2 protein chains.
Amino acid sequence: MPPRTPRADAQRNRDRLLAAAAELVAEEGVQASLRDVARRAEVGLGTLYRHFPTRDDLLEALLGRRFEALAEHAERAERAEHAGTTTTADPERALVDWLQEFTLGAAAYRDLPAALVATLHSPDSALHASCLRMREAGGRLLLAAQEAGAVRPEVTPLDLFALANALGWIADQSPSLAERREHLFRLVWDGLRRR
Amino acid sequence: MPPRTPRADAQRNRDRLLAAAAELVAEEGVQASLRDVARRAEVGLGTLYRHFPTRDDLLEALLGRRFEALAEHAERAERAEHAGTTTTADPERALVDWLQEFTLGAAAYRDLPAALVATLHSPDSALHASCLRMREAGGRLLLAAQEAGAVRPEVTPLDLFALANALGWIADQSPSLAERREHLFRLVWDGLRRR
DNA sequence: ACCTGAACACCGTTCAAGT
DNA sequence: ACCTGAACACCGTTCAAGT
């Protein structure tokens, strides 16, 4: 038998929890109180744990679509490069554009970068899969840019992941640093380019 | 009258608290439980708050010397450059060396970088003064390196502070990134150099 | 199947009571 | 002058009891 559709009240509670979490996490960051989420959703605390046994499960529900979109973005750029015949495919440009968007996504909420990096060593996290897919898609864009001679050969996909998260982390730590996000991005990016 | 020497038991408690905090913060990072610190010091919880009203007061007590030393390091290098007559003063080298040490100091404990960056907007923090002195000393080393044509003119002291903290943050987030600390430092540093 | 909230073991912070 | 620990208002997580 195919999976049954969930009971109507369960589905409703799940929706309410996600809406409440989206608000609260946007306001207070990844560390927002789960009790507050349940309260705002007007749902019992146990109900939250039933739907999202772990904080990472909740975050994955909030961010999954965005991360999938980022992976697809990279995969699309990759295919465009392979198909590049008449038009000059520009692997460097493709990587920069993607990296900018990735940096924004990795810092969608305050303290999200730390959660994403933690994912590296906890394969059971609900965020692990979508995070890995993004890293791999970005890694292939990196390789193309390196083969085109635009990026230093000793840069690894992990370096990219680390630096993008670090840039997102900085910007979320202080308003005066948030202003300098693009400037800092350019400085770091220039460190990755072949000279 | 000059300030009286503290009562012997008060001095003893302060020492015990600092010793316990040094251990615990080294083990668990800046967020270590203050209750645990008091317990390990075998001291009442109120005693901890009397000596260190704020977590930042405790951290300043733990790190003050180290930060002062870093500021002095930069100031020494600065004076050496001014006095540079026969020997070739090397402002770039002086800045890199200092920045390496600064990056290590800013990440002396897990999550310390976040506390230091927070200092930017909270002038009442106990960490503010020593942090500011470091930033200013580093800023003068930066200026010298820029005047020597070694570093891009659009890099600010705040950029330096932000990037050093970001590098320290990365290294403390995951063992596999800690291994790449020097490599990442070189990549970022090369982004700051004039090309 | 699913929901609820009390219960447990923790926090940070304050403050009345002691010496 | 300094120390102590109970008290308060919060957490995250679990689980017996309900529908």
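Since this is a predicted model, take the numbers as computed values, not measurements. Chain A is the first sequence line, chain B the second, and so forth, proteins listed ahead of strands; every chain is numbered from 1.
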Summarise protein proximity over nucleotides 14-19 of chain D in one line of letters, 5' to 3': B for base, S for sugar-phosphate only, - for none, counting protein heavy atoms closer than 4.0 Å. BB----

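Distance, B/Leu48 CG to D/dT4 C1': 13 Å, rounded to whole Å. One interatomic measurement links the two molecules: CD of B/Gln11 to P of D/dA1, which rounds to 17 Å at whole-angstrom precision. If you measure from atom CD of B/Gln31 to atom C1' of C/dG12, you get 12 Å, rounded to the nearest angstrom. Between A/Leu24 atom CG and D/dC11 atom C1' the separation is 14 Å, expressed in whole Å. The distance from atom CG of B/Asp56 to atom C1' of C/dG12 is 14 Å, rounded to the nearest whole Å. Across the protein-nucleic acid pair, B/Arg39 atom CZ and D/dT4 atom P stand 14 Å apart, rounded to whole Å. What separates CZ of A/Arg12 from C1' of C/dC2 is a distance of 13 Å, to the nearest Å. In this structure, CZ of B/Arg16 is placed 16 Å from C1' of D/dC2, rounded to the nearest angstrom.
Ion pairing between a basic and an acidic side chain is recognised when a charged N comes within 4.0 Å of a carboxylate O; A/Glu154 and B/Arg186 show no such pairing. Salt bridge absent: B/Asp9 and B/Arg12 never bring a charged side-chain N and a carboxylate O closer than 4.0 Å. Residues A/Arg110 and A/Glu28 are not paired through a salt bridge, judged by the lack of any N-O separation under 4.0 Å between the basic side chain and the carboxylate. Using a 4.0 Å cut-off between charged side-chain N and carboxylate O, A/Glu72 and A/Arg79 make no salt bridge.
Among the nucleotides C/dT13, D/dC3, C/dT4, the one closest to the side chain of A/Thr47 is C/dT4. Here the side chain of B/Arg50 is nearest to one of C/dG12, D/dC3, C/dC3, namely D/dC3. Comparing C/dT4, D/dC3, C/dC11 against the side chain of B/Asp36 picks out C/dC11 as the nearest.
For B/Asn13 and D/dC2, the shortest distance from a side-chain N or O to OP1 or OP2 is not below 4.0 Å. Dashed line: the shortest gap from a side-chain N or O of B/Arg35 to OP1 or OP2 of C/dC10 is not under 4.0 Å. The phosphate of C/dC2 has neither OP1 nor OP2 within less than 4.0 Å of any side-chain N or O from A/His51. At D/dC10, none of the side-chain N or O atoms of A/Ser33 fall inside 4.0 Å of OP1 or OP2 (strictly under the cut-off).
At a cut-off of 3.5 Å, with distance as the only test, a side-chain donor of A/Ser130 or A/Glu60 sits close to an acceptor on the other residue. Using modelled atom types and a 3.5 Å distance limit, the side chains of B/Glu101 and B/His73 yield a donor-acceptor pair. There is no side-chain donor-acceptor pair under 3.5 Å between A/Asn13 and A/Thr47.
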Pair pattern of DNA chain C in dot-bracket, where unpaired bases get dots and | marks partners in another strand, Watson-Crick or G-U under 3.5 angstrom: ||.|||||...|||||.||

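Using cut-offs of 30° and 60° for the angle between ring planes, the B/Trp169 and A/Trp169 rings count as parallel.
Under the side chain to side chain contact (heavy atoms under 4.5 Å, CB included) test applied with A/Leu141, the options A/Leu160, A/Asp97, A/Leu99, A/Leu95 reduce to a single match, A/Leu95.
Here B/Leu116 contributes atom CG and B/Phe67 contributes atom CZ; the two are 4.5 Å apart, rounded to the nearest 0.5 Å.
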